[in-house]
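Everything below concerns the one structure shown next.
Everything quoted here is computed from the prediction, not taken from an experiment. Atoms within each ligand, like the ligands themselves, are counted from 1 in listed order.
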Amino acid sequence: MRETIPRSYTLARRTPRVTTRAIRCGALFDGTGTPAAPAVVLVRSGRIAAVGPAASTPIPPDAEVVDWSDRFVMPGFVDCHSHISIVPGLGDQVGQLKQGAVPRALRATRALRKDLFAGTTTLRVMAEEDFLDLEVRDAINAGVIPGPRLLCGTRAMTASNGHGRAHTAFDGVDEIRRGVRENFRRGADHVKIFTTGGVSSPGTTLNASVYTREEIRAAVEEAKRAGSYVASHAHGGPGLRMSVEEGVETIEHGGLATDDDVKLMIDRNVWLITTFAIFMHPDGIERGDGKNPAIMEKLRAARAVVDERFPAHLASGLRFAAGTDAVHGAMSFELETLVRFGVSTRDALLAGTRWGAEAIHATDVGTIAVDKRADLIAVEGDPLKDITALRRVRAVMKDGQLQHPQDTGDEHA
Ligand SMILES: [Zn+2]
């Protein structure tokens, strides 16, 4: 029986050698107010103990000083939509999910390192087979491999003939209830459901809705009863509308959302999670499946609609946050695209940090404020003036610990 197999790692965290760190910031964007320059952030036991302008934030004599005085410091990115074992540039994303645990875990190890050192400190996983994401979450938390903090969806709810189906499928209200309950029993943080087709698989159309209203409602009810929520993969059409009407909290992609859909989302306080890189970045679907004419045709159509509609959607008052959809390390691209579509640089930074944390119920990250987890990144340049500075993340701190690319986790071997 699967459930009798113990997880691979003990969850004992490393005992930090230094309890207080003082970070000198050239400029600080804390996600709550006006940027301060210069500023100081004090970190104790992995949490923010104090933050403020350098002149009024004394550094305790016993603190270890981290000198980021030539850097723009901001909260670590919150990637609201990714997959740890998928690398879209390799093509056939569903085929990747169907592979054995070893190749998937090795890809995840490499991908999450890339995400972390590009500045992502929290990442929401939006479908993995075999509860792989829970095992990897444990490995990261135990210090075995470097990676962002993971919020795990485990097995997505998708229909037998639905988009995103690898091995597992759930048909009918009862299977969905059982599937969601089992996911939570195993340690899932939220529920992902596919309510429309997608781009990266041939044979499904973007607007087609496979699930019935009753099936979507069952997922929402079970998630709420467990104190969580549902995220719905929905491009547009009835699957998107039913998702919003039945109470899902985040709409993923929304590539074909109409003005009416957006109005309904605003009315119901639903978040849009934008995922531009998967459609537009050269390392997205195009690199992996560019030779498949059926997929490329859908991709071109989706790009045209996104270019046409998103500037208005993003200016409509709709709440939005950003996800890479497994284009690992591409949070900068996501936020650059928001700016290209008319969003201010300040709001783009919020979409990649504070708003993302709010959208995915990650209540203790997303801003640099007292008692939040000390997840900070040091950027070269000023992304408020030039958003492409986000490509130059030079240092990453997670839970108050500086992250080092060479860290092999040997002490846990
Ligand atoms: Zn996805």
With the Zn ion (ligand 1) at the center, what angle do NE2 from His81 and NE2 from His83 span, rounded to 10 degrees?
-> 110°
Is the Zn ion (ligand 1) under 2.8 Å from any N, O or S atom of Asp325?
-> yes
N, O or S atom of His253 closer to the Zn ion (ligand 1) than 2.8 Å = no
Does the side chain of Ser332 pick up a donor-acceptor pair with the side chain of Arg391 at under 3.5 Å?
->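 No, because no side-chain N or O of Ser332 sits under 3.5 Å from a partner of the opposite role on Arg391.
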Short side-chain to backbone donor-acceptor contact, Gln96 and Gly91, under 3.5 Å | yes
Can you find a heavy atom in the side chain of Arg149 that is under 4.5 Å from one in the side chain of Val365?
->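 In contact.
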Where does the angle between the aromatic ring planes of His233 and Phe194 fall among parallel (under 30°), tilted (30 to 60°) and perpendicular (over 60°)?
-> tilted
